[in-house]
Amino acid sequence: MKNAVRISLALVLLALFTFAQQPAKPLYVLEDSYLRWRLLPAEQSYDAIDDKHLKQYVEDLTAISRRYRDHGHPQWWGRISGTEADAENAQWLADQFRKIGLTDIRQQSLDLPPQWMPVSWSVTASAGEKTLALDTAQPTSTSPGTPPEGLDLEAVDVALGAEGDLAGRDLRGKAVFFYSAELASRHAPISDGAIKRIGARGAAAIFVIVAIPGNVRTQFYPVGSTVPTFSLGLQDGLAIRDLIGKARGGPAPRVKIRFDVKTVPKLKTATVWGSLPGATDETVFVVAHRDGWFEGAVDNASGVATMLGIAEYFARIPQQQRRRTIYFLGTSGHHDNAAMSGHWLAEHKELFAKTALLINCEHTSAEQLVIARGGGIRRSNTTVPLRWYVGGNPRLEQIVVKAYDSFGVATDAQPDSEPGGEMRPYFNLAPSLQLIEGNLHWHSDQEGAGDVPPTGLAATARAYSKIIADVNQLNLADVARPGSEARR
Ligand SMILES: [Zn+2]
């Protein structure tokens with residue numbers, strides 16, 4: 001009897017707990033209800049940077065990606081370097097620069113090295129009567145393709161792909177699946193180097209099941225694998241694991257992979273330039289990369305929108321009150337493994353001889369997505385804290401910290417020691433800074449405009465604008481990196 005009471009109590013608690021997972025009906029419209037920072041009287045001029053207006057830029061850029069997808073590129077799409085989506089967004093950005101009133105607007109054409117361009121692919125698994133289409137399979141960047149007739153391989157599941165999971169396993173010539181709970185990685189070292197470990201044991205194809213709730217397609221950077229390598233959504237991943245597990249003791253399931261990929265030479269991309277002349281020949285550079293996979297809303301429509309917000313703010317100020325010329329650059333980006341704009345800038349050090357500040361606008365606003373108890377993703381009314389980098393004089397560091405505080409830019413507690421991302425090849429040629437972070441949808445087919453809180457766009461554009469204004473009160477030597485020429 002006592003046990004029965006205990007069991008029913010446990011069931012009631014379980015029911016209560018389960019019930020608690022279900023959200024109630026919304027009490028506000030999310031798009032209007034992201035947390036807003038109230039500006040102090042001294043900062044009212046930055047109210048001109050309007051969050052909803054900046055959000056429209058994100059909508060425009062994500063539409064360019066969808067247009068490319070809907071014009072015959074259903075699997076491999078985005079604002080991809082060298083494609084018509086690249087040309088369209090370069091033209092779009094030049095048009096925005098013109099509308100804002102920038103001068104010397106031009107597209108600097110850059111030759112791309114031969115580009116890895118997937119044409120189409122399919123992955124299916126079968127055991128006995130049962131066939132699974134693994135639709136969320138997404139080739140990792142620069143992955144080799146298959147022969148035209150495809151591959152037909154035995155499927156094996158190696159759990160987490162750790163040393164212990166692989167011990168004693170024969171993976172030669174097989175399609176190997178492993179599961180990764182590293183939700184933020186789209187990189188080669190995922191799961192402590194599992195892809196490399198599995199490849200070294202002779203796998204003929206590798207699949208990383210990314211445990212983001214749902215069934216998300218994620219695009220990885222190159223993983224250094226010499227065999228066809230894909231990421232896989234969680235539902236598809238669990239389904240193939242079940243298929244493999246249930247077949248144990250009988251014939252192993254087979255996986256059929258067909259992946260057609262081309263290397264396309266002679267493509268072009270561009271850096272889009274615009275400027276706002278100032279009262280001196282000293283300069284400030286503001287850059288944002290134009291490319292992105294899928295809709296690329298956070299990465300990097302958000303950064304482009306932030307850059308445009310800064311341009312609009314300073315375009316309203318008379319030239320004589322703008323101490324320095326501000327250059328705005330829409331760069332080609334780095335998802336193409338070429339980073340042409342970045343390398344060109346790195347080779348033109350002379351451009352930065354009189355540069356007081358270089359700001360990279362990259363992933364400047366991303367909604368905090370929450371993994372709900374019991375699975376699934378819940379949305380929220382706030383942005384993720386951003387990783388940040390600032391390199392220059394301690395006076396610059398103080399200006400930056402104060403600006404983030406003034407405009408409600410949430411950051412990690414400590415800055416990064418070096419910037420990753422677009423600015424990496426040339427960040428040390430001038431005092432420089434960036435804010436950067438994505439959310440769970442980063443590099444996935446779920447990363448839409450809804451992932452970009454307009455408030456985050458305004459906060460970063462306002463903070464960056466205030467930083468430029470404050471730095472313009474100082475001489476080059478006051479903000480320069482210790483040991484740099486301007487310092488001496
Ligand atoms: Zn980016």
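Just follow the structure's listing: the first ligand is 1, and inside any ligand the first atom is 1.
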G438 to V384 - nearest heavy-atom pair and separation: O-CG2, 3.9 Å

Heteroatom test (N, O or S) for H334 near the Zn ion (ligand 1), limit 2.8 Å: no

Residue D299, metal the Zn ion (ligand 1), N/O/S under 2.8 Å: yes

Atom of E362 closest to the Zn ion (ligand 1), considering N, O or S atoms: OE2

N89-R79 side chain donor-acceptor pair, cut-off 3.5 Å: no

Salt bridge present between D32 and K52 (N-O < 4.0 angstrom): yes

Atom name in H289, limited to N/O/S, at shortest distance from the Zn ion (ligand 1): NE2

R462/E43 ion pair, N-O < 4.0 Å: no

